[in-house]
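Let me begin by presenting the structure, written as structure tokens, before commenting on it.
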Amino acid sequence: MRLVLVDGSGFIFRAFHAIPDMTRPDGVHVNAVFGFCNMIARLMKEHTGSHLAVIFDAGRMTFRNRMYEPYKAHRPEAPPELVPQFALIREAARAFGLPSIELDDWEADDLIAAYAKAALQAGGEAVIVSSDKDLMQLIRPGVTMLDPMKNVPIGEAEVAAKFGVTPDKVIEVQALIGDAVDNVPGVRGIGPKGAAELIGQYGTLEAVLEAAKSGAMKPGKRRDMLVEFADNARISKELVKLRDDAPLPEPVEDLALRHWDDAVLSAFLDTNNFKSIKQRLALSDAPRAEAAAPKAEAAAFGGYETITSMAALTALIEAARQAGFVAVDVQTDDRNSLHGNLLGIALAVAPGRAGYVPLGHNLGLEDTPQLLWPDALGALGALFTDVAVLKIFHDAKYNLEVLTRAGVAQVAPLDDVMLISYAQDAGNFSHDRETLARKHLAHELKSFDSVAGSGRARLSFANVPLAGASAFAAEAADVTLRLWAMLKPLLRVNKSLALYELVEKKLIPVLTAMELHGVMVDRADLRAMSVEFEGRMAEIETDIQRLAGQEFNVGSPKQLGEILFERMGLPGGKRGKAGAWGTDSSVLEGLAEQGIEVAQRVMDWRQLAKLKSTYADALIGQADENGRVHTSFQMAVAATGRLSSTDPNLQNIPIRTVEGARIRKTFIAAPGCSLVSADYSQIELRLLAHVADIAALKESFARGEDIHARTASEVFGVPMAGMDAATRRRAKAINFGIIYGISAFGLGRQLGVGAGEAKAYIDAYFKRYPEIRAYMEATKEEARSQGYVLTPFGRRCWVPRIKDKMPQLRAYAERQAINAPLQGGAADIIKQAMVKLPKAMARAGLSATLILQVHDELLLEAPDDEARAAAELAREVMQGAAEISVPLTVETGIGKNWGDAH
DNA sequence: TGGACGGCGTAC
DNA sequence: GACGTACGCCGTCCAC
């Protein structure tokens with residue numbers, strides 16, 4: 001690998017000043033863009049590496065500003081002729097088919113350092129295209145520099161000429177010299193000459209400072225300055241020293257160089273009137289229409305191949321190698337990835353060119369025999385691990401779980417179209433392949449029902465006639481590939497690339513491991529509870545029917561409503577939309593308070609019915625032969641970025657009531673192990689304090705106060721000390737109400753007070769925390785103008801109904817907008833923790849494993865003797881997963897069952 | 001008979 | 001007229 005790293009940001013300024021002004025016909029200044037295109041054209045011809053990326057600064061503020069506030073504080077604003085060229089240069093990079101990379105909080109220089117390191121680690125070399133002196137420290141065996149303007153290499157000789165030292169000593173020298181332009185202080189009175197001399201003599205900055213301090217250096221002005229400004233020198237060294245630990249927004253293997261699309265590049269050069277570059281590249285005048293029409297749309301759907309020979313499979317794999325990417329989609333006999341058996345694999349290598357490899361189908365008499373899986377695995381396994389071929393999935397987690405269970409060891413690198421869509425369009429529409437095809441490709445996918453039948457007539461996919469099965473499967477892969485070509489570039493445009501690469505994609509293996517591992521339940525305990533609940537329900541049912549004076553189905557809200565409000569003539573009945581009597585718990589509670597015995601009995605019955613059917617019986621049925629249940633985490637469903645859990649849902653296991661807690665206690669640790677629970681305390685309220693910048697709330701969290709008590713104190717004017725539980729409870733309800741986008745009606749209902757009284761609470765709250773109002777208004781406005789809101793970590797949450805003409809729907813959307821950054825921000829934080837935690841455990845030599853995530857809680861299973869260490873490490877990683885303006889705190893617990901681990 | 005839907009209730 | 005986000009079970013209704 002020879003990775004060429006172009007310092008895009010550095011180049012822009014240099015080219016702008018070095019190249020005379022140029023404008024294109026519409027008046028836009030393009031001299032820097034022209035310089036950039038020229039440089040890239042030359043680079044691609046003369047110094048081609050195998051991989052290439054253009055690196056940019058993402059914004060002005062970075063971690064260095066937190067370290068030293070004045071850093072780069074006095075950089076002048078960019079000249080107005082340059083400003084529009086920043087975006088154009090990124091566009092130019094795209095036109096050349098080059099990835100441009102930037103990451104919030106990191107300077108381009110640090111990203112370059114990180115990528116150079118990655119190239120070395122991959123056994124390759126790196127070429128840094130820049131003339132920036134700050135990058136010279138990176139020069140070492142395997143890392144070279146190239147001056148893009150002069151087109152000359154920068155090596156040890158050039159570094160020595162500039163700094164008087166070898167590259168590995170550059171930061172020592174820079175620390176002494178400082179940099180007036182960037183506000184790096186250095187030591188006054190010491191310039192390049194003096195610095196080189198000192199470092200040449202003493203070796204390092206610390207040695208120089210020590211010599212000055214101890215008196216080993218000859219007395220004089222220089223020594224005095226070194227003593228006085230020693231700390232300045234140290235901070236300077238930290239500032240100029242590049243960090244090579246930035247997360248890589250795109251894996252280095254994804255930067256493989258590919259030829260540009262002639263039509264796209266030609267169109268870009270035409271728009272900017274760069275005729276000379278076009279000539280140099282020998283680009284023809286491609287008709288505009290052709291350039292505008294993506295190839296994905298040009299190719300027809302259908303006409304796919306059914307692969308039944310090794311020769312045909314090998315040919316398709318070779319085509320994938322040529323392309324550098326391949327879409328892969330497995331077919332199984334069950335929608336659940338943990339049950340489904342592999343029936344075949346579809347591969348697509350270009351729009352319209354796809355094939356299906358049947359492996360486990362029940363063939364008809366006329367069908368050619370299918371390949372044997374061990375043979376196919378031999379060829380496909382090599383493709384799956386080939387770093388030069390990107391494997392593209394829709395729902396990679398599903399595919400990988402099936403492939404893993406079928407014996408595939410590794411699949412990398414990969415992309416996931418479902419997550420690519422989710423990262424930029426959560427809340428906008430669903431991310432199943434059918435919807436995406438309809439939306440982005442205007443193509444209606446063959447439905448599964450139309451191929452396999454529905455209802456009683458539904459066939460297992462293994463029994464679907466092969467021709468139809470093959471066409472269905474290959475089309476799925478074809479569509480996946482086309483969607484990828486269309487959506488992947490949009491990630492960068494929509495600023496969702498880092499979220500996708502660093503959070504969503506990295507979560508795939510974490511969740512896969514959690515799902516495969518599962519969590520143990522005590523089946524005997526659950527069976528006993530099921531029997532017990534059944535008996536108690538039968539007794540209660542008898543009571544209810546005696547009280548009601550007739551037999552009826554207690555489980556039917558319809559019949560119950562008629563009994564209560566018609567036959568028995570009880571007061572307080574309300575009809576719903578369909579005209580049915582409402583019988584939910586708030587209604588029954590109202591009746592029970594009036595002493596209506598039957599209402600209380602129905603509530604008791606319902607609680608047991610719920611626990612028996614939804615939890616006890618369902619979990620027994622879901623447990624595998626080892627007593628472990630395996631949920632499936634949905635990564636692209638929730639509109640806020642949260643995960644969800646299905647088959648079974650393990651994110652809504654009861655805890656609040658005494659009987660419910662018994663269910664939670666049936667979740668147990670494996671023998672010799674303990675369960676470790678770690679949950680964020682008040683994470684959404686903390687995010688509210690952070691994003692709305694609420695001074696009093698932030699202060700309260702910083703002090704570690706009981707936040708609900710503090711709120712009660714502020715809103716109701718009572719002292720924190722000796723506060724009664726009811727007052728605190730009211731304040732807690734208000735705090736939750738705020739997070740949910742409060743309304744007086746809703747809060748009143750929640751608290752059991754009138755809307756008037758609830759409004760008074762809300763007004764008092766807004767008065768004590770005035771910043772809330774501004775946040776709510778700003779967020780709603782953001783949603784109206786953009787259509788989406790952003791979490792503090794840049795996740796987009798769409799709120800499509802924000803401009804609906806129906807006031808009711810609009811109000812609903814406004815509450816969604818207010819809630820999404822908080823709920824979504826919390827999701828971002830715990831996801832980052834989940835990505836870090838398994839690595840941290842491994843590093844610490846702990847074998848604790850994640851088994852569940854419940855929005856603000858992580859549950860781990862750990863050997864008994866590791867539990868305490870695992871709990872501490874989980875706390876540390878979770879608290880450090882993100883940095884916001886209030887502390888994040890995590891509470892941990894250890895127990896033999898989930899109930900006791902809290 | 002089975003799929004869609006509404007009512008209800010569990011979690012955070 | 002339901003303060004946010006989910007999923008699952010049950011009964012009901014209706015089409016096949």
Side-chain angles (χ1 to χ4, degrees), chain A residues 426-427 449 454-458 552-561 574 576-588 602-603 606-619 621-622 631-634 637-657 659-661 663-664 679-680 682-685 688 733-751 755 758 762 776 797 799 806-809 811-824 826-827 830 852-857 898:
Chain A
D449 284 8
S454 63
R456 278 179 74 80
R458 164 162 300 180
F552 70 102
N553 184 352
V554 181
S556 161
K558 183 165 176 279
Q559 293 179 37
L560 178 65
K574 266 194 212 152
K577 287 173 223 164
W581 297 102
T583 66
D584 69 17
S585 60
S586 71
V587 172
L588 296 179
V602 171
M603 288 167 69
R606 283 209 180 143
Q607 186 192 19
L608 296 176
K610 179 79 173 180
L611 295 178
K612 178 179 181 322
S613 68
T614 306
Y615 299 105
D617 292 346
L619 288 170
Q622 292 270 4
T631 187
S632 173
F633 287 105
Q634 308 304 310
V637 170
T640 53
R642 269 191 181 180
L643 297 175
S644 72
S645 159
T646 62
D647 305 306
N649 180 359
L650 296 186
Q651 289 182 321
N652 72 344
I653 300 304
I655 189 172
R656 290 174 191 178
T657 66
E659 301 289 10
I663 298 282
R664 193 165 278 228
D679 63 295
Y680 283 108
Q682 308 294 354
I683 188 167
E684 292 186 12
L685 216 44
L688 173 69
I734 301 175
N735 277 331
F736 274 103
I738 294 288
I739 290 169
Y740 295 157
I742 204 158
S743 79
F745 183 92
L747 180 63
R749 203 173 129 274
Q750 175 74 28
L751 286 176
I762 296 169
M776 290 185 164
C797 304
V799 194
M806 291 177 68
Q808 205 171 306
L809 288 177
Y812 178 42
E814 288 175 354
R815 293 192 295 269
Q816 289 178 315
I818 289 164
N819 174 259
L822 310 176
Q823 190 181 115
I830 197 166
L852 289 179
Q853 187 252 43
V854 192
H855 309 311
D856 64 358
E857 172 188 6
W898 198 2

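Since we're looking at a predicted model, the values are computed, not measured. We name chains A, B, ... by the order of the sequence lines, and we start the count at 1 in each one.
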Where protein sits on nucleotides 1-9 of chain C, one letter per nucleotide: B base, S sugar-phosphate only, - none, heavy atoms under 4.0 Å: SBBBBSBBS
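- Residue-level contact check: A:Gly660 touches neither bases nor backbone, having no heavy atom under 4.0 Å from any strand.
- Atom CG of A:Leu852 is separated from atom CD1 of A:Ile653 by 8.5 Å, given to the nearest 0.5 angstrom.
- Under the side chain to side chain contact (heavy atoms under 4.5 Å, CB included) criterion, A:Ala733 pairs with A:Leu747, A:Gln750, A:Leu751, not counting sequence neighbours.
- By the salt bridge (Lys or Arg N to Asp or Glu O under 4.0 Å) test, A:Asp449 pairs with A:Arg458, sequence neighbours left out.
- Atom CD1 of A:Ile655 and atom CZ of A:Arg664 lie 4.0 Å apart (nearest 0.5 Å).
- Spacing of C1' atoms, B:dG6 relative to C:dA2, comes out at 15 Å, to the nearest Å.
- Legend: residues meeting side-chain hydrogen bond (donor to acceptor under 3.5 Å, both in side chains) with A:Asn819, ordered by chain and number and at least two apart, are A:Gln823.
- Once you apply a 4.0 Å limit to the heavy atoms of chain A, the touched nucleotides of DNA chain B run 5' to 3' over B:dG2 to B:dC12.
- Counting non-hydrogen atoms under 4.0 angstrom, A:Glu857 reaches nothing in the nucleic acid.
- Remark: A:Arg815 pairs with A:Ala811, A:Tyr812 by the side chain to side chain contact (heavy atoms under 4.5 Å, CB included) rule, at least two apart or across chains.
- Residue-level contact check: A:Arg458 touches neither bases nor backbone, having no heavy atom under 4.0 Å from any strand.
- Every residue meeting the salt bridge (Lys or Arg N to Asp or Glu O under 4.0 Å) condition with A:Lys612, not counting sequence neighbours, appears here in chain and number order: A:Asp617.
- Within 4.0 Å (heavy atoms only), A:Arg656 reaches at least one base atom of the nucleic acid.
- A:Asn652 meets the side chain to side chain contact (heavy atoms under 4.5 Å, CB included) test with A:Tyr615, A:Asn649; sequence neighbours excluded.
- Residues passing the side-chain hydrogen bond (donor to acceptor under 3.5 Å, both in side chains) test with A:Glu814: none are found, sequence neighbours excluded.
- A:Asp647 pairs by the salt bridge (Lys or Arg N to Asp or Glu O under 4.0 Å) definition with nothing, not counting sequence neighbours.
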Base-pairing string, 5' to 3', of DNA chain C - Watson-Crick or wobble, under 3.5 Å, | interstrand: ...||||||||||||.
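- Remark: A:Ala609 engages A:Met537, A:Trp605 in a side chain to side chain contact (heavy atoms under 4.5 Å, CB included) (not counting sequence neighbours).
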